[in-house]
*Asks:* 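First, the structure itself, so that you have it in front of you.
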Amino acid sequence: MDRKIETKCLHLEEDEDCIKHYGAISYPIYQTATYAHSGVGKSTGYDYSRLQNPTKEHLEKVIASLENGISAFAFASGMSAISLLMEIFKPDDHIITDSDLYGGSIRLFRNVSAKNGIKISSIDCYKENIEDFITSDTKAIYIETPTNPMMNVTDIAVVSEIAKKYNLLLVVDNTFMSPYFQNPLDLGADIVVHSGTKYLGGHNDTLAGFLVTNRTDIAEKFAFLIKTTGAGLSPFDSWLILRGIKTLGIRMEKSQENAFKIAYWLKEQKAVTEVIYTGLPEHTGHEIMKKQARGFGAMITFKLESKAFALSILEKVRMIKFAESLGGVETLITYPTTQTHADIPPEIREKNGITESTLRLSVGIENAEDLIYELDKVFRETECELNV
Ligand SMILES: *Cc1c(COP(=O)(O)O)cnc(C)c1O
């Protein structure tokens, strides 16, 4: 019987028949830079930690197992993973990307990849005809689904058909869903990207990033590039992410349960003009989510009647933290305009629908009543102050 994902978060099937590391239940942290050899031409399998380290390797096997890939690679952050991914392309290669993406990815593509001669077309992959943008130089399609922060949902299987027809790589940033709710490789993607800083780590305490693939040729390219450029995750941070993953299942379930309650509460607020949560039946991507994912996650974007109202919420929250990032146990509220998407030119931000009254909530695992109590207090105080 195939193991379910909650179990895979705790047990690596290939390790189960043998007791290693004195039986330690928690995988040891191999805090070493280099490895001794017992003779010329002999090796323990490890030579130097830039190439590989047992703790990092164990984490990579766990991630590959969760995403049903053949290989996973752990990086010092999500952005270092995406930067390394871009090294497989060469000048004049053309990539089609979603126009609404994590701000750091847009900044990388527009400033660094462009400088290296890589041509980028940013389109709304969830609604535009991707085939219209494919040229003889096109090498890849890069999407997020749901996107950050507008929660646009793209049908991964449909895009994967297009990618296969034109021999393009399909890359999916799966950070928002985590492997617990969505597995893009199973739907035809070639490469999955994760910011491990978010749900995988889950505790707002460690940066990490991952690339996962089910193609040996791509895995070989990544292994060579990591050895050469050296952006691998440290042994201790690998251990922290391993520890986080153990509770991925219960964290995802609890945050999603809270997100539903908050989404419905937000919908009832006079000052809220729009609630964008893929779990709501009226969300345009809701049916696709039901088809390609096992849940809806815990990210909610919502718009207020005015910028003043949005700013007041950010000023007044106390238990809910006004902070960048997402996917941790603590609920965070973010202002995309000046935080995650500050470096995006205003005209692109506006085209994507990010207004100055747009806020993003990453719902954590607190008691939902406590979260709603705080939101209610903040909303009522703001109404009084602004006289609305
Ligand atoms: C945070 C994030 C990244 C970047 O990851 P870091 O770990 O912050 O470098 C990439 N993609 C998405 C969707 C993210 O939310």
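Counting starts at 1 for both ligands and their atoms, following the listed order.
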*Asks:* Looking only at side chains, do Thr135 and Asp137 share a donor and an acceptor under 3.5 Å apart?
*Replies:* no

*Asks:* Going by atom types alone, do Tyr335 and Glu356 pair a side-chain donor with an acceptor below 3.5 Å?
*Replies:* no

*Asks:* So, Ser99 versus Asp124: side-chain donor-acceptor pair below 3.5 Å or not?
*Replies:* yes

*Asks:* For Tyr373, does the six-membered ring have the charged nitrogen or CZ of Lys261 within the cation-pi criterion, i.e. under 6.0 angstrom from the centroid and within 45° of the normal?
*Replies:* no

*Asks:* Strictly under 6.0 Å, is that where the ring centroids of Phe309 and Phe379 end up?
*Replies:* yes

*Asks:* With distance as the sole criterion, is a donor-acceptor pair present between the side chains of Lys198 and Asn204 under 3.5 Å?
*Replies:* no

*Asks:* What does the contact table look like for ligand 1 (nitrogen or oxygen on each side, cut-off under 3.5 Å)?
*Replies:*
from	atom 1	to	atom 2	distance (Å)
ligand 1	5 (O)	Ser195	OG	3.0
ligand 1	7 (O)	Gly78	N	2.9
ligand 1	7 (O)	Ser195	OG	2.8
ligand 1	7 (O)	Thr197	OG1	2.6
ligand 1	9 (O)	Gly78	N	3.0
ligand 1	9 (O)	Met79	N	2.8
ligand 1	11 (N)	Asp173	OD2	2.7
ligand 1	15 (O)	Lys198	NZ	2.8

